[in-house]
Asker: 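Here you go, one structure.
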Protein chains: 2
Amino acid sequence: MSYKEKKVMTIGLVSELTGLSERKIRYYEERKLIFPERTAGGTRKYSFLDIERLCEIAEKMEDGLFTREIKELERRKRKSASLA
Amino acid sequence: MSYKEKKVMTIGLVSELTGLSERKIRYYEERKLIFPERTAGGTRKYSFLDIERLCEIAEKMEDGLFTREIKELERRKRKSASLA
DNA sequence: CGTGTAAGGAATTCTGACACG
DNA sequence: CGTGTAAGGAATTCTGACACG
């Protein structure tokens with residue numbers, strides 16, 4: 001696993017790097033759009049890939065999509081990718 | 001700056017990844033062998049490169065070197081590199 | 001010299017809820 | 001639905017010091 005995928009950042013830093021509120025970041029997790037890991041104590045840890053993913057999500061939210069639709073879009077992408 | 005050099009990890013994770021105690025990690029900083037950044041609140045943040053560096057330091061410490069000698073070795077390396 | 005540890009405080013994060021719309 | 005916020009607690013980190021050797 002490369003550095004990009006390793007879950008190492010706390011939510012505070014992710015919030016800083018993405019410009020998204022911690023509230024939003026936790027909410028997108030609740031909606032199953034991102035999947036941080038946890039420390040033994042329960043603190044969330046994110047990867048650089050999660051940061052990129054969050055930026056994409058943020059763009060789509062700005063376009064007025066619902067989290068549900070974003071989830072749906074990804075499902076389709078995966079499907080077409082598996083057909084290629 | 002690549003993911004590798006970006007200072008993003010807390011000391012707890014670094015301790016876990018390197019197997020070194022937080023005490024040791026803070027001490028090597030005190031001896032100017034590593035240079036973590038800080039959050040506004042004062043929490044240290046390390047990069048993947050710091051992790052590699054710490055592992056090298058740990059090896060040399062196991063070989064019985066003093067932190068002072070490790071520092072010295074690096075000074076020489078930089079010098080020979082600049083001559084090349 | 002290098003490192004463990006107990007101490008007390010401060011920064012950070014967590015969850016569940018209320019609010020608004 | 002998506003997001004802000006105040007609340008209270010828990011996990012995490014910080015510093016300076018004492019200890020040993």
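Not measured: the values here are computed from a predicted model. Here is how names work: the chains are called A, B, and so on, in the same order as the sequence lines, proteins then strands, and each is numbered from 1.
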Asker: Between D:dT3, C:dG2, D:dT13, which one does the side chain of A:M61 approach most closely?
Answerer: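 The listed nucleotide nearest to A:M61's side chain is D:dT3.
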
Asker: Tell me the interatomic distance from A:Y27, atom OH, to C:dT15, atom P, rounded to whole angstroms.
Answerer: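 After rounding, the gap between these two atoms is 16 Å.
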
Asker: Among all residues two or more places apart in sequence or in another chain, which pass the salt bridge (Lys or Arg N to Asp or Glu O under 4.0 Å) test with A:R75?
Answerer: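 Only A:E72 meet the salt bridge (Lys or Arg N to Asp or Glu O under 4.0 Å) criterion with A:R75.
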
Asker: With a 4.5 Å heavy-atom cut-off, do B:M9 and B:I51 have their side chains touching?
Answerer: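 Yes - at least one pair of side-chain heavy atoms lies under 4.5 Å apart.
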
Asker: My understanding is that only residues two or more places apart in sequence, or in another chain, count here; which of them pass salt bridge (Lys or Arg N to Asp or Glu O under 4.0 Å) with A:E22?
Answerer: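 A:E22: salt bridge (Lys or Arg N to Asp or Glu O under 4.0 Å) contacts with A:R26.
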
Asker: Where the side chain of A:T10 is defined as all heavy atoms beyond and including C-beta, which of C:dT13, D:dC14, C:dG4 is the nearest nucleotide?
Answerer: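 Looking only at heavy atoms from C-beta outward on A:T10, the closest nucleotide is C:dT13.
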
Asker: Please map the stems of DNA chain D, keeping only stretches of three or more Watson-Crick or G-U wobble pairs with both distances under 3.5 angstrom.
Answerer: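 Listed by first number, the stems are C:2-5 with D:17-20, C:17-20 with D:2-5.
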
Asker: Out of C:dG2, D:dT3, C:dT13, which has the shortest distance to the side chain of B:R31?
Answerer: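 Among C:dG2, D:dT3, C:dT13, the one nearest the side chain of B:R31 is C:dG2.
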
Asker: Take the protein atom CD of B:E16 and the nucleotide atom P of D:dT12, then report the distance between them rounded to whole Å.
Answerer: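 That distance rounds to 10 Å.
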
Asker: Let me spell it out: for each of A:R23 and A:I11, pick the nucleotide of DNA chain C with the closest heavy atom. Which residue's pick is nearer the 5' end?
Answerer: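 Taking each residue's closest nucleotide, the earlier one in sequence belongs to A:I11.
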
Asker: Could you list all the ring pair (Phe, Tyr, Trp, His ring centres under 6.0 Å) pairs where at least one residue sits in residues 33-80 of chain B, not counting sequence neighbours?
Answerer: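 Only A:Y3-B:F48 qualify under ring pair (Phe, Tyr, Trp, His ring centres under 6.0 Å).
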
Asker: Rounded to whole angstrom units, what separation is found between the CD atom of A:E29 and the P atom of C:dC14?
Answerer: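 Answer to the nearest Å: 8 Å.
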
Asker: Please enumerate all residues that pass salt bridge (Lys or Arg N to Asp or Glu O under 4.0 Å) together with B:E74, with sequence neighbours excluded.
Answerer: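 Result, salt bridge (Lys or Arg N to Asp or Glu O under 4.0 Å) vs B:E74: B:R53.
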
Asker: Among C:dT13, D:dC14, D:dG4, which nucleotide has an atom closest to any side-chain atom of A:R26?
Answerer: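 Among the listed nucleotides, the one closest to the side chain of A:R26 is C:dT13.
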
Asker: Not counting sequence neighbours, list each pair that qualifies as a salt bridge (Lys or Arg N to Asp or Glu O under 4.0 Å) and has a residue in residues 3-21 of chain A.
Answerer: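 The answer is A:K4-A:E52, A:K7-A:D50.
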
Asker: Under the ring pair (Phe, Tyr, Trp, His ring centres under 6.0 Å) definition, can you give me all pairs with a residue in residues 4-31 of chain A, not counting sequence neighbours?
Answerer: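 Output for this query is empty, none listed.
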
Asker: Name every residue in residues 33-43 of chain A that has at least one heavy atom under 4.0 Å from any atom of DNA chain C, in order of residue number, or write none if there are no such residues.
Answerer: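 A:R38, A:G42, A:T43 - these, ordered by number, are the residues of the stretch whose heavy atoms sit under 4.0 Å from the strand.
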
Asker: Residues of residues 53-60 of chain B with any non-hydrogen atom less than 4.0 angstrom from an atom of DNA chain D: list those, numerically ordered, please.
Answerer: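 Of all residues in residues 53-60 of chain B, none places a heavy atom under 4.0 Å from DNA chain D.
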
Asker: Within this structure, what is the NZ-to-C1' distance between A:K45 and C:dT12, rounded to whole angstrom?
Answerer: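 Answer to the nearest Å: 16 Å.
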
Asker: Could I get the full list of side-chain contact (heavy atoms from CB on, under 4.5 Å) partners for B:T43, not counting sequence neighbours?
Answerer: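 Checked B:T43 against side-chain contact (heavy atoms from CB on, under 4.5 Å); matches are B:T10, B:T39.
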
Asker: I want to check something: taking the side chain as every heavy atom from C-beta on, are A:L33 and A:L54 in contact at a cut-off of under 4.5 Å?
Answerer: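 Side-chain contact under 4.5 Å: no.
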
Asker: B:E22 has a side chain; which of D:dG4, D:dT13, C:dG2 sits nearest to it?
Answerer: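 The closest nucleotide is D:dT13.
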
Asker: How would you list, by chain and number, every residue that makes a side-chain hydrogen bond (donor to acceptor under 3.5 Å, both in side chains) with A:T67, sequence neighbours excluded?
Answerer: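 Listed in chain order: A:R31.
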
Asker: Any salt bridge (Lys or Arg N to Asp or Glu O under 4.0 Å) pairs touching residues 37-49 of chain B, not counting sequence neighbours?
Answerer: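 Passing the test, one end in residues 37-49 of chain B: B:E29-B:R38, B:E29-B:R44.
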
